[in-house]
Amino acid sequence: MSLLLAMTGWHVEDWRARFQALLPEMPIVTLGEPFDRRAVHYVASWKHPPGSLAGLPNLAAIFSLGAGVDFLFADDRLPEAPVARVVDPDLTTRMSEYIVLHCLMILRQQRRYDRQQREKLWDDDRDQPAARSVRIGLMGLGQLGLDAAHKLQVMGFDVAGWSRSPKTVEGMPTYAGLEAMPEFLARTDILVSLLPLTPDTRGVINATLLAGLAQDGRLGGPYLVNAGRGGLQVEADILAALEAGALKGATLDVFETEPLPVESPLWSHPAVTVTPHNSAMSEPLAVATLIATQIRRHQAGEPLEHLVDPTKGY
Ligand code: NDP
Ligand code: OXD
């Protein structure tokens, strides 16, 4: 009974060492070496090459090494096995740090003061809005969205949320489904996206959505913060909205193509903040410990936790 590590872009030997320390009795194999495919009961994957998990007849579970699972369902030869993802307080906290940081940077015009410092320019804004007069709309009220929403509320922002299914969250207006989207957008000065990428959400941050954001807010125009997935956004539409003044700024951690190509105009746009898909790095030992615990649970006949619904794609 073995665990197959299937990843691209990460150091597989570091992961092997971590898992081997946590599961000393279990053979750990990797895609880059010969192994008995019938012995593989578990897979831990981050962006495995599509098709590389086909032909594992005794597979019992697939573990995403991240919170997102879109890369798994993008593989049309993914074996039929339960898929579990990372839900980890460390990851959640890091994402909320990022969201609060960037909403505060927007509120307090930090990019402007960075520019002014470079120019040695002493120029103050005497009409700076308070957080309570800035409306944040959070798309995605899951593990990450809800935590970020509560922490933004602690900073004083006026927060509302949007999800697929209706939710009741004390002290926060919530909206659900496409029919409620126009009302949600119309009260949004900073749109924060923490949605998963699914067939339903692909390209949701497009010209129509951006045109629906509030234009009457205290920030002088709406802002976008996307830390969900790059496939949620249509970058040409974001750039066009920035040029037209329909969008005042965008903070993007995720991109249609990653790494963001050097020729992308997003890199040098003065109203765009780019971070390299690191808003919530998974802490490797915490993730390996979570998956090792899941494997032990499964071997003890207990149900797996944090399973995703393949019909919804998240
Ligand atoms: P969850 O599955 O816990 O939450 C997803 C939320 O999105 C739910 O509230 C869900 O609604 C909502 N949602 C899904 N589909 C739709 C839809 N069609 N319309 C409206 N709402 C929808 O995910 P997490 O909060 O844990 O993570 C969210 C995403 O963040 C991940 O999938 C990943 O892509 C991204 N991420 C990015 C990282 C980074 O470093 N940039 C790090 C970690 C994660 P409902 O509640 O009704 O089901
Ligand atoms: C994740 C990510 O999904 O880092 O965990 O993007």
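Indexing begins at 1, ligand by ligand and atom by atom, following the structure's order.
Atom 29 (C) of ligand 1 has its nearest heavy-atom neighbour, among Asp70, Leu195, Leu91, in Leu195. Comparing Phe71, Tyr98, Trp162 against atom 19 (N) of ligand 1, the shortest heavy-atom distance belongs to Trp162. For the residues Thr201, Asp200, Thr174, the heavy atom positioned nearest atom 17 (C) of ligand 1 is part of Thr201. By heavy-atom distance, the residue among Gly228, Pro199, Gly230 lying nearest atom 35 (C) of ligand 1 is Gly228.
Nearest to atom 11 (O) of ligand 1 among the protein's heavy atoms is Arg164 N, 3.2 Å. Scanning the protein heavy atoms around atom 38 (C) of ligand 1, the nearest turns out to be Met95 CE, 3.5 Å. Remark: minimum distance from atom 44 (C) of ligand 1 to any protein heavy atom is reached at Leu144 CD1, 3.5 Å.
Comment: Arg296 engages Glu25 in a salt bridge, judged by a side-chain N to carboxylate O separation of less than 4.0 angstrom. The residues Lys312 and Asp200 are annotated as not salt-bridged, no charged nitrogen and carboxylate oxygen being separated by less than 4.0 angstrom. Between Asp158 and Arg135, no side-chain nitrogen of the basic residue sits less than 4.0 Å from a carboxylate oxygen of the acidic one, so the salt-bridge criterion is not met. A salt bridge links Arg94 to Asp90: at least one charged side-chain nitrogen sits closer than 4.0 Å to a carboxylate oxygen.
Ligand 1 has Val254 within reach: a non-hydrogen atom of the residue lies less than 4.0 Å from it.
Looking at heavy atoms from C-beta onward, His102 lies out of side-chain contact with Ile190 at the 4.5 angstrom threshold. Taking 4.5 Å as the limit, every side-chain heavy atom of Phe255 sits out of range of all side-chain heavy atoms of His277. Side-chain contact check for Phe157 versus Cys103: some heavy-atom pair is nearer than 4.5 Å.
Below 3.5 Å of separation, one finds no N or O of Trp46 facing any N or O of ligand 2. Geometrically, ligand 2 and Gly68 share a nitrogen or oxygen pair separated by less than 3.5 Å. Looking at ligand 2, you won't find any N or O of Leu91 less than 3.5 Å from one of its N or O atoms.
Listed by number with element, the atoms of ligand 2 under 4.0 Å from a non-hydrogen atom of His277 are 2 (C), 4 (O), 6 (O).
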